[in-house]
Amino acid sequence: MVARRKVAVVGVALSDCGRVDDATPYALHAQAARRALADAGLDRSLVDGFASAGLGTLAPIEVAEYLGLRPTWVDSTSVGGSTWEVMAAHAADAIAAGHARVVLLAYGSTARADVRAGRRTGTLSFGTRGPLQFEASYGHTLIAKYAMAARRHMIEYGTTIEQLAEVAVQARANAALNPEAMFRTPVTVDDVLAGPMIADPFTKLHCCVRSDGGAAVLLAAEEYVRDCRTAPVWVLGSGEHLSHSAMSEWPDFTVSPAAVSGRLAFDRAGVRPSEIDFAEIYDAFTYMTLVTLEDLGFCGKGEGGAFVEKGRLRVEGGELPVNTDGGGLSAQHPGMRGLFLLVEAVRQLRGECGDRQVRRVDGSLPRLTVASGTGGWFCSSGTVVLGAG
């Protein structure tokens, strides 16, 4: 039996992001993958594992072929936005067990360009088969499901729309420090409240941007770390959880599946939420950030509104900087954004983030972070705890 090995993230990269009208999703996968390999300084021949989802009839076979890879370990888990945290956990387990040596996770999407070119509409449909058939007739859209959950939290705990708006305001403040963010102009709570209504209680700025873009992450066994040009970021622990598909099967609209995946990840990493220096949290809507903060243990259940309104999520002066690149609310959101959380988390731990670089109270670089992805309408969650080398 092969002894379990430590696993590190050794390369991360984004493709061109934001407004990309002249590239295919395959090209964005490839661009991000090449950049991640260059970031790590490893030869492509070492990659024997590949994970991807969301593209191709036989995902990820088509993407692997496009990249010129013939992996002996593969993962095509598709659970929405949490896909990449779940895949990272699977890859780390495979590497630790000796089933792979270097695994590439890659994603690319032209969600924005496709709408502009008429290749798809702006409405994302999950179809009407299976349990969804019982809700589709009532007109439930993806955003409506999140909006209902947010309203339940407001009723249950007195959370205000102004507190939810603060999540968008602070995400934009962080994006203002990121030259690659899609939207950088500061906004106020009044700006958020004054926007057009999308799904009550969400106005436009409560919702993520629509962008193009890709990302890639390279994980490797500990013996390859010395050959890399970057400092390793170690995978310390992970957790995953599936909650529901039908809204009628969701026991509590105010509890996300991160309540389980987060507990598992922290327990397996041997760390406490209070030790985390910053967090990268899936934020397709403002409520996702707020409730995930509660469920990861950064504040008590029902205390998320009071927690976020104190400016705690800002890179500049915040007690717990969250979504340090501006998140899906301001930086970029090409679809299943969970891989972008891991890229930003690694860059922050390596001290590569310039004006948006998080620092501890003593001025040193951060040592611990958590990336938590959410899929569907709080249907799934994957959480990964990472530590600096």
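Taking the ring axis of F183 as reference, the NZ or CZ atom of R19 stays within 45° of it and closer than 6.0 Å to the ring centre. Remark: R337 is not positioned above the aromatic ring of Y282, lacking an NZ or CZ atom under 6.0 angstrom from the ring centre and at most 45 degrees off the axis.
Here the rule is side chain to side chain contact (heavy atoms under 4.5 Å, CB included) with L104, and of L37, L69, L42 only L69 fits it. In summary, of the residues considered (L341, V370, L313, L296), a side chain to side chain contact (heavy atoms under 4.5 Å, CB included) with I281 occurs for L296 alone. Tested against T159 for a side chain to side chain contact (heavy atoms under 4.5 Å, CB included), the candidates L290, V291, T254 yield a single pass: L290.
A donor-acceptor contact shorter than 3.5 Å is absent between the side chain of R184 and the backbone of A181. Listed for the D295 side chain is a donor-acceptor partner under 3.5 Å among the backbone atoms of S256. Not a single donor-acceptor pair under 3.5 Å links the side chain of S380 to the backbone N or O of L242. With hydrogens and angles disregarded, no donor-acceptor distance shorter than 3.5 Å links the side chain of R268 to the backbone of R263. Distance alone, capped at 3.5 Å, places no donor-acceptor pair between the E249 side chain and the A246 backbone. H333 contributes a side-chain N or O that, together with a main-chain N or O of G335, makes up a donor-acceptor pair within less than 3.5 Å. Side chain of R367 to backbone of D277: no donor-acceptor contact under 3.5 angstrom is found. Counting only distance, with no hydrogens or angles, the side chain of D325 and the backbone of E344 share no donor-acceptor pair below 3.5 Å.
Using a 4.0 Å cut-off between charged nitrogen and carboxylate oxygen, D48 and R70 do not count as a salt-bridge pair.
Annotation for A40 and L218: closest pair CB-CD2, 3.8 Å, computed over non-hydrogen atoms. Residues A106 and F50 approach most closely at CB-CE1, 3.9 Å, considering heavy atoms. The two residues E294 and G304 have their closest heavy-atom pair at OE2-N, 2.8 Å. What you find for A36 and A216 is that their closest heavy atoms are CB-CB, 3.8 Å. Contact record, V169 with V192: CG2-CG2, 4.1 Å, taken as the closest heavy-atom pair. For S109 against L28, the heavy-atom pair with the smallest separation is O-CD1, 3.4 Å.
Ring geometry for H29 versus Y107: interplanar angle over 60°, hence perpendicular rather than tilted (30 to 60°).
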- [ ] Begin with the C-alpha distance, continue with both residues' side-chain angles, and end with the deciding distance and a verdict on salt bridge (charged side-chain N to carboxylate O under 4.0 Å, His left out) for D191 and K204.
- [x] CA-CA 10 Å; D191 292 331; K204 182 178 179 179; over 6 Å; no
Task: Worked verdict on E166 versus K310 for salt bridge (charged side-chain N to carboxylate O under 4.0 Å, His left out) - done: CA-CA 9 Å; E166 269 291 347; K310 304 297 184 182; over 6 Å; no
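Checked against the 6.0 Å centroid threshold, H206 and Y146 do not count as a close aromatic pair. For an aromatic pair to be called close, the ring centres must be under 6.0 Å apart, and H153 with Y287 satisfies this.
The number of heavy atoms from other shown groups lying within 6.0 Å of CD (E316) does not exceed 12.
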